[in-house]
Student: 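Pasting in a structure now, in structure tokens, and then I'll have a few things to ask.
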Number of protein chains: 2
Amino acid sequence: MALFLSTTVNKVDTKGRVSVPAAFRSALAGQTFHGIVAMPSFKYPAIQCGGMEWMEELSNSVNAYDFFSDEHDALTATLFSKTVQLSFDGDGRIVLPSSLITHAKITNKAAFVGRGPLFEIWEPEDFYAYQLNATNIASEQKLTLRPPPQKSKEEKH
Amino acid sequence: MALFLSTTVNKVDTKGRVSVPAAFRSALAGQTFHGIVAMPSFKYPAIQCGGMEWMEELSNSVNAYDFFSDEHDALTATLFSKTVQLSFDGDGRIVLPSSLITHAKITNKAAFVGRGPLFEIWEPEDFYAYQLNATNIASEQKLTLRPPPQKSKEEKH
DNA sequence: TGGGATTATATGGGATAGCATGGATATTTA
DNA sequence: TAAATATCCATGCTATCCCATATAATCCCA
């Protein structure tokens, strides 16, 4: 599975074009769709992205819900309807749709942020502010130093 | 699993290049990614490093947290976004990114410090000062001489 | 066991290829 | 036909590769 690491800031030109970092592109190499899938994050002013295989995994988790349930409705309404396919041009660039640009408040620069199996696109200053806060949370709770306690099905709410 | 032992000091040239000690490289031999992964340490002005397999283990630990929780967000925002892949060149060297160089205050020399499953890169003088600190040594020895606590479901809060 | 030869490692510098970026031209869509 | 979209080309910059050399470690044989 593709692993997206590190953070890269690239320029967004007047047409909304921006280069996807080469490291991210090579992480997607081998997938059938030559590009990414992108959707607005519902927690942050950011764009959540991944390869088509990642999208298929999300689709499978949705299928775990009952077809007639409210959860199924809510997930499909947000997940699939707001997701766009953005194919690479010959130079590894994508064109950000205006809806995603306004959602992430992006102007002329975009931060590509690795998050493991997925990555996000942020307005750089917004991300730095968020990252500073997140680092404090992680270090205060010492989350990284050892594996967290294993979850069992019985304890989950 | 790779084991990193002993300490080696190597030169950092004007391009930020530095040789990874041969012993560390041979410890990583056999892994699919020909290089290391590196991230800034939370606690010290040092760089924490390991092989890709080590990174995948960290990634799995993250998965133990609820996908939609703030802890999961905080961890991925710090872990993956600050981690970089550094591949070896033909001579076993890596290029340290400027962000990591400034974090560890490295100028023209780098100390590679073995820490078992991972290793750290320090500015040599900083590391000697840290190593000579009696309280650090004492606390670390207490940790290493004691077997790691067994995790059971009962201990969890 | 000693000393010379050979290999591995670390380090420096220059050439090359890939990447990000801007602009121009073709193609589609309304 | 105009606007929006996609494809192609040019360029500066940076990272990567390749080769040369010095030093240290190892090996081999007398």
Side-chain angles (χ1 to χ4, degrees), chain A residues 4-30 33-38 47 49 84-102 106-114 119 121-124 127, chain B residues 2 4-30 33-38 47 49 52 83-102 106-114 119 121-124:
Chain A
F4 300 101
L5 300 176
S6 95
T7 300
T8 311
V9 176
N10 282 344
K11 280 190 183 178
V12 181
D13 68 12
T14 53
K15 305 175 189 172
R17 286 188 306 182
V18 60
S19 289
V20 175
F24 287 12
R25 293 204 306 265
S26 61
L28 292 171
F33 172 59
H34 198 58
I36 68 172
V37 289
I47 309 169
C49 312
V84 292
Q85 292 188 49
L86 307 176
S87 26
F88 297 138
D89 68 6
D91 304 321
R93 284 182 286 196
I94 55 172
V95 178
L96 291 176
S98 58
S99 62
L100 292 179
I101 285 188
T102 54
I106 287 173
T107 57
N108 59 338
K109 292 199 172 182
F112 289 78
V113 181
F119 66 91
I121 305 177
W122 286 70
E123 197 289 319
F127 173 69
Chain B
F4 303 101
L5 304 173
S6 97
T7 299
T8 312
V9 175
N10 282 345
K11 278 192 182 179
V12 181
D13 68 12
T14 53
K15 301 178 185 176
R17 287 185 305 183
V18 60
S19 290
V20 174
F24 288 12
R25 294 205 305 266
S26 60
L28 292 171
F33 173 59
H34 198 59
I36 67 172
V37 290
I47 308 169
C49 311
M52 184 55 80
T83 297
V84 291
Q85 291 187 54
L86 308 176
S87 24
F88 296 138
D89 67 7
D91 305 320
R93 283 181 289 194
I94 55 172
V95 179
L96 292 175
S98 58
S99 61
L100 292 179
I101 285 188
T102 55
I106 287 174
T107 57
N108 59 339
K109 292 200 172 182
F112 289 78
V113 182
F119 65 92
I121 305 176
W122 287 72
E123 198 287 319

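Here is the naming used below: chain letters follow the sequence lines, and residue numbers restart at 1 for every chain. Predicted, not measured: the structure shown is a model, and the values here were computed from it.
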Student: Whole angstroms only, please: what is the NZ-P distance between B/Lys15 and C/dA15?
Tutor: 11 Å
Student: Just by modelled atom types, is the A/Ser19 backbone N or O under 3.5 Å from a matching donor or acceptor in the A/Asn10 side chain?
Tutor: yes
Student: With a 4.0 Å cut-off on heavy atoms, is B/Val12 in touch with a base, just the backbone sugar-phosphate, or nothing at all?
Tutor: nothing
Student: Can you measure B/Arg93 atom CZ to C/dG13 atom P for me and round it to whole angstrom units?
Tutor: 11 Å
Student: Of the nucleotides C/dG14, C/dT11, C/dA24, which has the atom closest to the A/Arg17 side chain?
Tutor: C/dA24
Student: Shortest non-hydrogen contact from A/Val12 to A/Lys109?
Tutor: CG2-C, 4.0 Å
Student: Nearest-Å distance, NZ (A/Lys109) to P (C/dG22)?
Tutor: 10 Å
Student: At under 4.0 Å between heavy atoms, what does B/Asn10 touch on the DNA or RNA strands: base, sugar-phosphate, or nothing?
Tutor: sugar-phosphate
Student: Do A/Thr7 and A/Phe127 come within less than 4.5 Å of each other through their side chains, counting heavy atoms only?
Tutor: yes
Student: To the nearest Å, give me how far apart CG (A/Asp89) and C1' (C/dT25) are.
Tutor: 15 Å
Student: Rounded to whole Å, how long is the line connecting atom CZ of A/Phe112 with atom C1' of C/dA20?
Tutor: 11 Å
Student: For residues B/Ile36 and B/Phe88, determine if any side-chain heavy atom of one lies less than 4.5 Å from a side-chain heavy atom of the other.
Tutor: yes
Student: Is any NZ, NE, NH1 or NH2 atom of the basic residue among B/Arg93 and B/Asp91 found under 4.0 Å from an Asp or Glu carboxylate oxygen of the other?
Tutor: yes
Student: C/dT9, C/dG12, C/dA24: which one has an atom nearest the side-chain heavy atoms of B/Arg25?
Tutor: C/dT9
Student: For B/Phe112 and B/Phe119, take the angle between the two ring planes, folded into 0 to 90°, and tell me which bin it lands in: parallel under 30, tilted 30 to 60, perpendicular over 60.
Tutor: tilted
Student: OP1 or OP2 of C/dG22 less than 4.0 angstrom from a side-chain nitrogen or oxygen of A/Lys11, does that happen here?
Tutor: yes
Student: Using a 4.0 Å cut-off to any heavy atom of chain A, which nucleotides of DNA chain D are the first and last in contact, reading 5' to 3'?
Tutor: D/dA6 to D/dC9
